[in-house]
Amino acid sequence: MAEVTELLGAIVTEALDRAKADGLLEGEVPEPTFERPRRKDHGDWATNVALVASAGGNPRSLAEAIVERLPASDIVRSVEVAGPGFLNFHLSPRWLHDIVTRAATEGSGFGRSNIGNGEKVNVEYVSANPTGPVNVVSGRQAAVGDAISSLLEATGHEVTREFYVNDAGRQIELFGESVGARYLQLHGQDAAIPEEGYQGEYLVDLVKELSDGLGDELLNAPADERNKKLGRIALDTMLAQMSATLERFGTTFDVWFSERTLHEAGEVEAALEALRATGRVYENDGAVWFRSSDLGDDKDRVLVRSDGTPTYLSADAAYVLDKFGRGFERLLYLWGPDHHGSIVRFLAAVESLGLERDRVEVSIVQVVSLMRGGEAVKSSKRAGSIVPLEQLIDDVGPDAARYIFLQRSMEAPLDFDLDLAREQAPENPVFYVQYAHARICSILRKAADEGVAAVDATSAPLERLEHGSEDDLMRALATYEDVIPEAAYKRAPQRVTNYIEELASTFSSFYRDCKVVTEDADLTAARLALCVATKNVIADALSLLGVSAPERM
RNA sequence: GCGCCCGUAGCUCAGCUGGAUAGAGCAUCGGACUUCUAAUCCGAGGGUCGGGGGUUCGAAUCCCUCCGGGCGCGCCA
């Protein structure tokens, strides 16, 4: 939280206490909240606390009473009551200078806060089946998961980034059978990929790669053993490829969590026991069912199939217990659109297990449609689920891909304009923002070339910043301290992209109006400090998004 | 049919733990380069915030309802 609002909060609270002592206020004294009004003539900061506190009374007269009782403060220039009862504060420009100084000073923690209070958060995302290359939809999940994780870290949470590896179950068997078939085909034998198996060409290449190290000893092994062994090796290779792709995309995980270990360690069985203990488990048709319909689900769900194999729901139950068992206080799940239907049953299981449901947040990261020339690529609404992420990175680069993935709220389907993403022009927001950063670097280089002393933000005569464009830019910087907590709280990285675009635009106007490096040494020093502050904020915001901030373009 | 998501400018979308005159980009139109990056900037037009009800001092935001679109509703993942 910005330092100004703490200060304002203190004096308004004091005034409220006095008003209460004078009998003008009934009930609890509310905590005042502050916002930056849209309109400039509504002051620098405003609070609606009188509207909140008057509860049926007259908000305006309460507001007047608050103003009369405000203790003196050297940062507040004037306060007025406006509209239905807002308190509008006009502040000394010093609060903006303080913003510039802090933003320009490395390590000041500008934009950082500790509202998370060290809460241990597990963010699980991507978690794509390790049976094929990472696709574009997973890429969107990676970008969103990374950004949300970074935002949580920036607001004082202790974050673990986790990838759940679905390395158990029927899909993995099918994968092994598919690999086995490709292996036999490679060795000139007639073999068919199972109908439900993985037909993709990538397995041909994968098997080719593997076979160098394998020789042909598996050719004569029993099919079951061959498929299992090949499947295991192929899966490890696939995972390594996925990891490499994600790394190229700028995503690294703290934990790759194997589903298989849940089964092997008996955690799935333990979770089933725990569910049984709730009395919401019964048998029917030889299968074990969970009475999720008690907890908002349409119908009951199978936990153990009649052939004795557990469903994903069972593993998910074990997994959520495991996560809490590892000491996490909050769990974020980012699931793909195909898991839409399983949220309710999963949360029902969470609740049944006696876990706090509101510590478990499940969000869907929606589909991506790649657009080229105004048309959906491959005439498929879901192009994103079949196009490899590698291809997108080759096409537009990791920065543009990440940025565009983050521009929209994750719950909304995304139209990804490939033409725009590739464009090196201001129409492309990624380049627009990066360009502003590079331009500032260019100014700083110019200053250095001309022998101007390095910026000392603490001593720069910031009172020389009097131009309207300078004022706008300082105010834009101040907003950063509100944007980061809000974006983190809402799990909304698009707030950050919106913000940087606005900041970059405000900077561009400043650039037009105010020449930085001039004969006027004081003014130059002040403007350079403003430039450094802006550069830091752009770079910091981009780094939260996992997008680079180039020094030149 | 049930559940979730979406419906805001011509297009793509922000804004939605209620706040003062609803925003951006693209597109359209009109301007600005002897300048630290014109890879830019300035201006203009463009809106029943899907419709209707309700709660509130105040609703794009919350509630109800209807309409339209997407997705999900397997002993698949």
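Owing to the predicted nature of the structure, the values given are computational and were not obtained by experimental measurement. Lettering of chains follows the sequences in order, A, B, ..., and the numbering in each one begins at 1.
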>> Please enumerate all residues that pass ring pair (Phe, Tyr, Trp, His ring centres under 6.0 Å) together with A:F175, with sequence neighbours excluded.
In response: A:Y198
> So does A:D316 reach the base of B:A77 with its side chain, donor to acceptor, closer than 3.5 Å?
Replying inline: no
>> Looking at every non-hydrogen atom in both residues, tell me the closest pair between A:T534 and A:L477 and how far apart they are.
In response: CA-CD2, 3.7 Å
Could you go over nucleotides 2-4 of chain B and give all protein N or O partners under 3.5 Å, atom names and distances?
from	atom 1	to	atom 2	distance (Å)
B:C4	O2'	A:H340	NE2	3.4
B:C4	O2	A:H340	NE2	3.1

> Does A:T33 offer a backbone N or O that forms a donor-acceptor pair with the side chain of A:T47 under 3.5 Å?
Replying inline: yes
> Touch check for A:S508, heavy atoms < 4.0 angstrom, all strands: base, sugar-phosphate only, or nothing?
Replying inline: sugar-phosphate
>> Holding to side-chain contact (heavy atoms from CB on, under 4.5 Å), I want the full list of residues that pass it with A:R276, two or more places apart in sequence or in another chain.
In response: A:E269, A:L272, A:E273, A:V281, A:V288
> Using a cut-off of 4.0 Å between protein heavy atoms and nucleotide atoms, how would you tag nucleotides 22-30 of chain B 5' to 3' with B, S and -?
Replying inline: ---SS----
>> Taking atom CD as the centre, does A:Q199 end up with more than 12 heavy-atom neighbours from other residues, nucleotides or ligands that are less than 6.0 angstrom away?
In response: yes
>> So, using side-chain hydrogen bond (donor to acceptor under 3.5 Å, both in side chains) as the criterion, who are the partners of A:Y282 when residues are at least two apart?
In response: A:D300
> Quick one: the side chain of A:S306 and the base of B:C75, do they pair up donor-acceptor inside 3.5 Å?
Replying inline: yes
> Out of B:U12, B:A77, B:C75, which has the shortest distance to the side chain of A:D285?
Replying inline: B:C75
>> Once pairs are restricted to Watson-Crick or G-U wobble with both distances under 3.5 Å, how does RNA chain B read as a dot-bracket string, [ ] for crossings and | for other-strand pairs?
In response: (((((((..((((.....[...)))).(((((.......))))).....(((((..]....))))))))))))....
